[in-house]
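One structure below.
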Amino acid sequence: MVAASPVALEVAYRYARFGRIGLVLPPPEAQWQWQWQRWWLSGAPPSRLDAASWQRFQGMVQQGQRLYAPTVLNLAGIDVLSGTGKFVWQPQCHFQIGQDRLYARGYLLVDAPPAVLPTTPVIQGTGLEIAEALAWQSWSGDCLHQEWHVGGDRLVPTEDPWFNDRLQAALEALGITVQLQCGSATPRLPPALTPLNLEPLNTDRHGWLLLNRYGRTSHPQIYACGAWYKGYTLPSLTAAEAGAIAANLLLGHPSPLEYRCQPWWLPIPTPLARVGWNHRQAQRQWGATVQVQTIHYPADDPNWGEMILGNNGKLLGVTLQGTAAIAASRVFGLCLQQGLSAMASLEYAGWSVP
């Protein structure tokens with residue numbers, strides 16, 4: 001596994017019992033701390049934006065760094081190497097760090113090198129990565145009470161109005177004003193292939209790696225996920241992709257990742273989570289018969305959502321907001337996998353119609 005984020009450490013730790021895993025990490029740098037924060041923020045976002053919550057969150061980050069330290073991973077049977085290397089294609093495909101040649105049945109590019117966070121109030125990019133950077137910078141104190149200009153008439157062009165409105169309200173609650181502009185947004189640039197000598201792999205016309213439904217590139221031994229191809233680069237999705245590919249390589253039972261049943265969430269103090277279709281996607285797929293139902297979770301903190309139903313009452317997707325959103329999205333994802341009805345899914349998740 002060739003990695004640039006702590007997501008790979010968690011995946012390697014989880015699948016080490018199934019086979020030998022080598023983990024190649026870049027040398028420590030300032031961005032490594034940001035990646036750690038990003039990973040833990042995805043799994044357990046603080047419930048409030050205050051000093052006490054932030055200190056507790058920092059303690060979780062430090063605990064995670066100790067859990068996934070190289071010595072601990074070595075005890076779990078994971079070979080950890082740190083350094084700058086590249087792929088060598090002749091006479092046989094291998095990964096080389098200095099004078100060391102690493103041969104493996106398969107190589108997994110877990111995440112592209114992290115981009116430097118923007119330092120000006122002009123965000124270059126589009127999609128959920130914009131909101132994620134905004135939310136993270138608000139927690140670090142770098143952009144409170146600033147106005148950010150985002151190209152396009154919606155914060156996330158691929159999401160429906162309910163999600164965009166809730167996301168914009170959540171960011172404004174953090175002290176961030178998002179000014180939407182007419183015109184097209186600046187597209188996210190693909191990662192550089194030169195540092196790892198990945199130029200022989202096939203890419204699309206924009207420079208993104210071309211992957212099949214199993215995460216394999218044009219070379220039969222090279223797999224990739226996360227920010228190596230165009231799409232959402234949230235840590236929750238990257239971890240699911242890396243885990244599915246690792247299981248395929250180690251267990252020998254190829255099965256593609258089912259994105260429709262894979263939940264993802266946005267790490268902000270009041271999380272937003274999604275699994276399945278949103279309203280716009282469902283209408284495009286199934287027509288005007290699609291129904292939308294508001295749902296909520298009876299708890300002290302408000303938890304609201306939007307559930308998408310087919311004409312036969314089948315669950316098509318949910319979008320959730322609140323402290324219970326992340327856990328509930330996982331339950332709804334399992335219900336989608338098993339083809340349960342919307343009402344049965346609500347009962348299993350503990351949510352209800354207001």
Side-chain angles (χ1 to χ4, degrees), residues 42 45 126-128 130-132 152-173 178 180 185 213 231-232 234 236-237 240-241 256-354:
S42 174
T126 183
L128 296 182
I130 295 176
E132 186 183 53
D153 58 354
R154 290 180 293 174
L155 186 60
V156 185
T158 55
E159 294 297 332
D160 57 14
W162 192 93
F163 183 92
N164 276 277
D165 292 344
R166 292 298 178 109
L167 179 56
Q168 187 161 354
L171 294 175
E172 290 176 354
V178 181
L180 303 177
R213 60 201 296 251
Y232 290 161
L234 293 169
S236 55
L237 274 181
E241 292 167 342
L257 178 65
E258 182 59 65
Y259 283 96
R260 191 179 69 87
C261 302
Q262 176 57 47
W264 52 261
W265 47 85
L266 188 63
I268 50 182
T270 304
L272 273 165
R274 259 273 313 281
V275 60
W277 304 100
N278 63 28
H279 188 198
R280 183 181 58 82
Q281 292 170 326
Q283 277 192 328
R284 187 172 58 191
Q285 182 76 15
W286 304 103
T289 59
V290 171
Q291 304 174 48
V292 179
Q293 175 67 59
T294 299
I295 58 175
H296 79 126
Y297 182 74
D300 295 335
D301 296 324
N303 295 271
W304 293 92
E306 189 177 70
M307 183 173 63
I308 312 300
L309 302 83
N311 59 355
N312 56 354
K314 186 177 180 180
L315 177 67
L316 299 180
V318 293
T319 304
L320 310 169
Q321 183 183 35
T323 55
I326 293 177
S329 68
R330 293 171 173 148
V331 177
F332 280 114
L334 293 174
C335 294
L336 274 175
Q337 284 181 342
Q338 299 178 22
L340 299 182
S341 68
M343 292 300 106
S345 303
L346 271 183
E347 184 176 352
Y348 277 112
W351 287 54
S352 59
V353 177

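One is the number of the first residue; the rest follow in order along the sequence. Predicted, not measured: the structure shown is a model, and the values here were computed from it.
Residue Trp162 qualifies as enclosed at atom CH2: its count of foreign heavy atoms under 6.0 Å is above 12. For Glu347, the CD atom is loosely surrounded, since the number of other residues' heavy atoms within 6.0 Å does not exceed 12.
Proximity of a side-chain donor or acceptor of Asn303 to a complementary backbone N or O of Ala324 within less than 3.5 Å is detected. Between the side chain of Asn164 and the backbone N or O of Arg154 there is no donor-acceptor pair closer than 3.5 Å.
Across Ala328 and Trp351, no two heavy atoms sit closer than the pair CB-NE1, 3.3 Å. Nearest heavy-atom pair, Ser329 versus Leu320, reported as atom, atom and distance to 0.1 Å: N-CD1, 3.8 Å. Nearest heavy atom pair, residue Cys335 against residue Tyr348, reads SG-CB, 4.3 Å. Closest of all the heavy-atom pairs between Pro267 and Leu234 is CD-CD2, 4.4 Å. Of all heavy-atom pairs between Leu315 and Ser345, the closest is CD2-OG, 3.4 Å. Closest approach of Ser352 to Pro298, counting heavy atoms only: OG-CD, 4.4 Å.
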* Residues Gln321, Trp304; criterion side-chain contact (heavy atoms from CB on, under 4.5 Å); working and verdict -> CA-CA 5 Å; Gln321 183 183 35; Trp304 293 92; 5.6 Å; no

* Are Asp160 and Glu306 close enough, and set up right, to give a side-chain contact (heavy atoms from CB on, under 4.5 Å), and what steps lead you there? -> CA-CA 11 Å; Asp160 57 14; Glu306 189 177 70; 3.6 Å; yes

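Here the OG1 atom belonging to Thr319 is positioned 11.5 Å from the CE atom belonging to Met307, to the nearest 0.5 angstrom. To the nearest 0.5 Å, the span separating CG on Leu340 from CG on Leu346 amounts to 11.0 Å. Between the CG atom of Asp165 and the CD atom of Glu159 there is a distance of 12.0 Å, given to the nearest 0.5 Å. The CD atom of Gln281 sits 7.5 Å away from the OG1 atom of Thr158 when rounded to the nearest 0.5 Å. Atom OG of residue Ser236 and atom CZ of residue Arg274 lie 11.5 Å apart, to the nearest 0.5 angstrom. A distance of 12.0 Å separates NZ of Lys314 from CG of Leu309, quoted to the nearest 0.5 Å.
Relative orientation of the Trp264 and Phe163 rings is perpendicular, given thresholds of 30° and 60° on the angle between their planes.
With a 4.5 Å cut-off on side-chain heavy atoms, Asn278 and Ile308 do not count as touching. With contacts defined as side-chain heavy-atom distances shorter than 4.5 Å, the pair Glu241/Tyr259 qualifies.
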